[in-house]
Protein chains: 2
Amino acid sequence: MKLTTKGRYAVTAMLDLALHYGEGPITLADIAQRQGISLSYLEQLFSRLRRQSLVASVRGPGGGYSLGKEAREIFIGEVISAVDENMDTTKCHGAHNCQNNERCLTHDLWSDLSNQIYTYLNNISLQDLMDRKAVREVADRQEHGDVDASLVDQLGTPAGV
Amino acid sequence: MKLTTKGRYAVTAMLDLALHYGEGPITLADIAQRQGISLSYLEQLFSRLRRQSLVASVRGPGGGYSLGKEAREIFIGEVISAVDENMDTTKCHGAHNCQNNERCLTHDLWSDLSNQIYTYLNNISLQDLMDRKAVREVADRQEHGDVDASLVDQLGTPAGV
DNA sequence: GAAATCTTGACTATTTTAGTTGGGAAAGTA
DNA sequence: TACTTTCCCAACTAAAATAGTCAAGATTTC
């Protein structure tokens, strides 16, 4: 599990799709403009998102992308692992036949840690983000200005990690 | 917060130091051989670990490195952030003056997510790892062979995340 | 003084990230 | 049918990060 701008781009784009749900297919050009992401780069990301059935596509004029399932059923972890290669890190992947067990142990620790983070991210859905976002936008308008409320507080603590 | 082999190398090396605590300073050459990490690369990593006072150094023959404080007081998160540059990702870092709030919101979400992971890793000390490791090694010897018990179960769920 | 060890800085190779370019293929509309 | 809009796809590129090498020096012990 990596947390890079690549994954953030994907989540941002998916969130954009979710926010415009009900307006028919959304073109990548729209997302590119709204979110400030390169159109060609979005195409690469959506190619992978589509292969994972996270989005559905419609070609031709009036076409575009829409969510592959409900926002409530799409989790951040899915989105990230769809665009990030499955970083098959390190020599003894899976097998426990390293020279000394020390190294293998650390390897396991790492992948387990990674799994826990994945579990955590897999408990946050796009719908959750939209809800928080709505909360924040309301708060922004109410207090009018640079509100800095931490999203951590709002996100709370999903089960698992 | 990134989870790369760089951070794992650092944690592995620190764990090695912790495991040989009480044997006097440990040379990087020893760690390099035991853990299969390039000596010169270790030098780079320890340069940073030393600047953060996570390790103490002794020069000359018989010299080497030792933990800068007790294993119980050194946390994985510290080690990782010591060797990983403070990835100052993305345009609107801190300031909320982006074009549209959408992007900034995602940015905040990301850094907060990152902070939560950091909090989680900051609740696991080297001592914790040693304890788990001891448990595992005993289990390995008792069952003699390729035991595959998940470390996740053993690690449990530190408070916070 | 010699050897062991840390300390530092500059250099290099490989991989990943973040794109660009250029061509398609499908679908709607005139 | 011609044309436009959109998705689709593969190859290429530039910049950065990762992982590591190399060379020189500073301390300390023997």
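In what follows, chains carry the letters A, B, and so on, assigned in the order in which the sequence lines appear, proteins first and then strands, with residues in each chain numbered from 1. Since we're looking at a predicted model, the values are computed, not measured. When reading the values below, keep in mind they use all heavy atoms of this one structure, side chains included, and skip hydrogens, waters and symmetry mates.
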> Counting only non-hydrogen atoms, which of residues 20-30 of chain A are less than 4.0 Å from DNA chain D?
Replying inline: Ile26(A), Thr27(A), Leu28(A)

>> Name the residue from Val55(A), Leu15(A), Leu67(A) that meets the side chain to side chain contact (heavy atoms under 4.5 Å, CB included) definition with Ile74(A).
In response: Leu67(A)

>> I need the residues from residues 50-63 of chain B with at least one non-hydrogen atom less than 4.0 Å from DNA chain C; give them sorted by number, or say none.
In response: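 Contacts with DNA chain C under 4.0 Å: Arg50(B), Ser57(B), Val58(B), Arg59(B), Gly60(B), Pro61(B), Gly62(B), Gly63(B).
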
> With Gln127(A), which residues qualify under side chain to side chain donor-acceptor pair (under 3.5 Å), at least two apart?
Replying inline: Asp131(A)

>> Run the side chain to side chain donor-acceptor pair (under 3.5 Å) test against Ser66(A) and tell me which residues pass, sequence neighbours left out.
In response: none

>> For Tyr41(A), give me all partners under ring pair (Phe, Tyr, Trp, His ring centres under 6.0 Å), at least two apart in sequence or on another chain.
In response: Tyr9(A)

> Checking only heavy atoms, does the side chain of Glu43(B) share a donor-acceptor pair with the base of dC6(C) at less than 3.5 Å?
Replying inline: no

>> Is Tyr9(A) close enough to dT17(C) that one of its side-chain N or O atoms is under 4.0 Å from OP1 or OP2 there?
In response: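 No, because none of the side-chain N or O atoms of Tyr9(A) sits under 4.0 Å from OP1 or OP2 of dT17(C).
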
Please write out each protein N/O paired with an N/O of nucleotides 16-18 of chain D under 3.5 Å, distance rounded to 0.1 Å.
unit_1	atom_1	unit_2	atom_2	d
dT18(D)	OP1	Lys2(B)	NZ	3.0

Enumerate donor-acceptor pairs with a distance under 3.5 Å from any side-chain N or O in residues 17-31 of chain B to protein atoms, sequence neighbours excluded.
unit_1	atom_1	unit_2	atom_2	d
His20(B)	ND1	Asp16(B)	O	2.9
His20(B)	ND1	Asp16(B)	OD1	3.4
Thr27(B)	OG1	Asp30(B)	N	3.1
Thr27(B)	OG1	Asp30(B)	OD2	3.4

> Which pairs, with at least one residue in residues 54-81 of chain B and sequence neighbours excluded, count as a salt bridge (charged side-chain N to carboxylate O under 4.0 Å, His left out)?
Replying inline: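 Matches after skipping sequence neighbours: Lys69(B)-Glu78(B).
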
> Quick one: salt bridge (charged side-chain N to carboxylate O under 4.0 Å, His left out) pairs with a partner in residues 42-56 of chain B, sequence neighbours left out?
Replying inline: Arg48(B)-Glu85(B)

> Taking the side chain of Ser40(A) as its heavy atoms from C-beta onward, which of dG20(D), dT7(C), dT21(C) lies nearest to it?
Replying inline: dT21(C)

> How would you list all residue pairs meeting ring-ring contact (aromatic ring centres under 6.0 Å, His included) that involve residues 58-81 of chain A, not counting sequence neighbours?
Replying inline: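 The answer is Phe46(A)-Tyr65(A).
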
>> Expressed as a whole number of angstroms, how long is the span from Leu45(B):CG to dG9(C):C1'?
In response: 16 Å

